[in-house]
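Report on one structure; see the data block that follows.
The chain is numbered in sequence order, starting from 1. Side chains included, hydrogens not; waters and symmetry mates left out as well; all remaining heavy atoms used.
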Amino acid sequence: MSTMRTLQRSAALAAMAGLALAALPLHAQEHADVPGSSLANSPPGAPLAPDWAYPQSTTHNQVGPPSGFHRASRVEARPIGIFDGQADVGAAVAPGRASLSGATYTIEAAGYNVWYTRDEFRFLFKTMSGDVSLAADIAYPHGGFGDHKALLLIRQSLEDDAREAFVALHGDGMIHLAQRPEAGKRISDMEYRIGSRGGLPGGQSPDSLVTLNAKRIGIEKKGNQFTLWVSEQGEPMHQFGAPITLEIAGPFYVGIGFSSHLPGVTETATLSNVVLDNSAGHVR
């Protein structure tokens, strides 16, 4: 397709979306990674991402990345708190960042997801071997997309399709324990949603089902066994659900992360009172 025809098509798509190309920053037109990328799917001012990267909606069907699709992770080897560095795993089209104030890590990140056969998220990491206990309080100070998720991860590498085990708390309250058993394979998980009738504020009546957003989550690696730990409302942490079995050889990467589940839109998560111990049995 000629350059002129490409520009004409982009202008037509922008008009359909109620946008003007001139209103978009230049970098919003530089990320047509695969055929089919469309300005119509991108919020005003957001970088352009592939069509497949946008979440499920009434007008869009969510699918996984095309076979063989990768982006090299952007790595910053500068320590932050207890972590050795941070990275935009999968190089989301909108770069992420993180900061530390007192006991709270604030992560601002975009990213299509941590799912399917590859990931896009901001990752604060430490290189470790052996057993691991990792836990954090999680909050979303500005609300945001219901399926965004803060994560506690143990990954074989910083590649976007790495073997990994992780736990996450979604914006809508879902928690899960997930794994990618081999590099490039699709993730599988066990998901949990906690609710109460009459035991939490916010319901219209005692029969209303109110979602509980866990205060704190954790992951433990003991040999090849990975377990999810939860404190629902500040009580001592307890194992939640069955373990998964996965071999991740040391050295590996352990840390905290966040993905907005919106490929070009940055949102915010805070992870505080982080406990990271190079042994099992210390999730607290």
Side-chain angles (χ1 to χ4, degrees), residues 79-89 96-109 111 114 119 121-128 131-144 147-155 164-179 189-194 211-222 226-241 243-244 248 252-261 267-284:
I80 176 169
I82 62 174
F83 300 106
D84 298 335
Q86 53 185 302
D88 281 326
V89 173
R97 62 181 181 179
S99 61
L100 173 62
S101 178
T104 299
Y105 294 89
T106 298
I107 305 178
E108 300 171 66
V114 178
D119 307 327
F121 70 105
R122 188 70 170 184
F123 185 36
L124 281 60
F125 61 83
K126 186 176 183 67
T127 306
M128 301 179 73
D131 293 341
V132 174
S133 297
L134 174 62
D137 294 346
I138 292 174
Y140 300 108
H142 309 306
D147 210 21
H148 64 202
K149 54 190 173 189
L151 310 107
L152 312 181
L153 309 98
I154 300 173
R155 312 185 87 241
E164 64 186 345
F166 65 84
V167 300
L169 174 64
H170 292 236
D172 62 6
M174 187 188 86
I175 51 178
H176 64 157
L177 171 63
Q179 64 169 316
D189 74 346
M190 289 298 295
E191 302 178 357
Y192 307 94
R193 292 169 173 83
I194 308 171
T211 298
L212 182 143
N213 290 272
K215 173 178 174 57
R216 185 172 179 84
I217 63 172
I219 187 170
E220 179 186 79
K221 177 185 181 296
K222 186 175 183 180
F226 294 81
T227 47
L228 164 66
W229 292 71
V230 176
S231 172
E232 297 170 17
Q233 299 183 77
E235 77 282 3
M237 299 193 75
H238 44 93
Q239 185 177 329
F240 211 93
I244 59 174
I248 298 182
F252 45 73
Y253 294 85
V254 179
I256 60 177
F258 176 58
S259 176
S260 73
H261 203 316
E267 294 192 344
T268 302
T270 61
L271 295 94
S272 57
N273 302 313
V274 177
V275 168
L276 176 54
D277 200 289
N278 205 172
S279 61
H282 292 89
V283 176
R284 60 188 187 278

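Listed by chain and residue number, Thr106 satisfy the side-chain contact (heavy atoms from CB on, under 4.5 Å) test with Ser99 (two or more places apart in sequence, or in another chain). Residues that satisfy the salt bridge (charged side-chain N to carboxylate O under 4.0 Å, His left out) test with Arg284, not counting sequence neighbours, are absent from this structure. Residues satisfying the side-chain hydrogen bond (donor to acceptor under 3.5 Å, both in side chains) criterion with Glu232, sequence neighbours excluded, are absent altogether. In terms of the salt bridge (charged side-chain N to carboxylate O under 4.0 Å, His left out) criterion, Glu267 has no residue partners (sequence neighbours excluded). Not a single ring-ring contact (aromatic ring centres under 6.0 Å, His included) links Phe252 to another residue, sequence neighbours left out. Legend: residues meeting side-chain contact (heavy atoms from CB on, under 4.5 Å) with Leu100, ordered by chain and number and at least two apart, are Ile80, Tyr105. Listed by chain and residue number, Asp137 satisfy the side-chain contact (heavy atoms from CB on, under 4.5 Å) test with Lys215 (two or more places apart in sequence, or in another chain). Residues forming a side-chain hydrogen bond (donor to acceptor under 3.5 Å, both in side chains) with Thr227 (at least two apart in sequence, or on another chain): Trp229. Take His261 and apply the ring-ring contact (aromatic ring centres under 6.0 Å, His included) test, not counting sequence neighbours, and it matches Phe145. With sequence neighbours left out, the side-chain hydrogen bond (donor to acceptor under 3.5 Å, both in side chains) criterion links Asn278 to no other residue. Remark: Ser231 engages Arg216, Glu235, Met237 in a side-chain contact (heavy atoms from CB on, under 4.5 Å) (not counting sequence neighbours).
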Donor-acceptor contacts under 3.5 Å from residues 171-179 side chains, at least two apart:
| unit_1 | atom_1 | unit_2 | atom_2 | d |
| --- | --- | --- | --- | --- |
| Asp172 | OD1 | Met174 | N | 3.2 |
| His176 | ND1 | Asp189 | OD2 | 2.7 |
| His176 | NE2 | His170 | NE2 | 3.3 |

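In this structure the side chain of Ile138 reaches within 4.5 angstrom of the side chain of Tyr140, judged on heavy atoms.
Of the inter-residue distances, the one linking Ile107 atom CD1 with Ser260 atom OG reads 12.5 Å to the nearest 0.5 angstrom.
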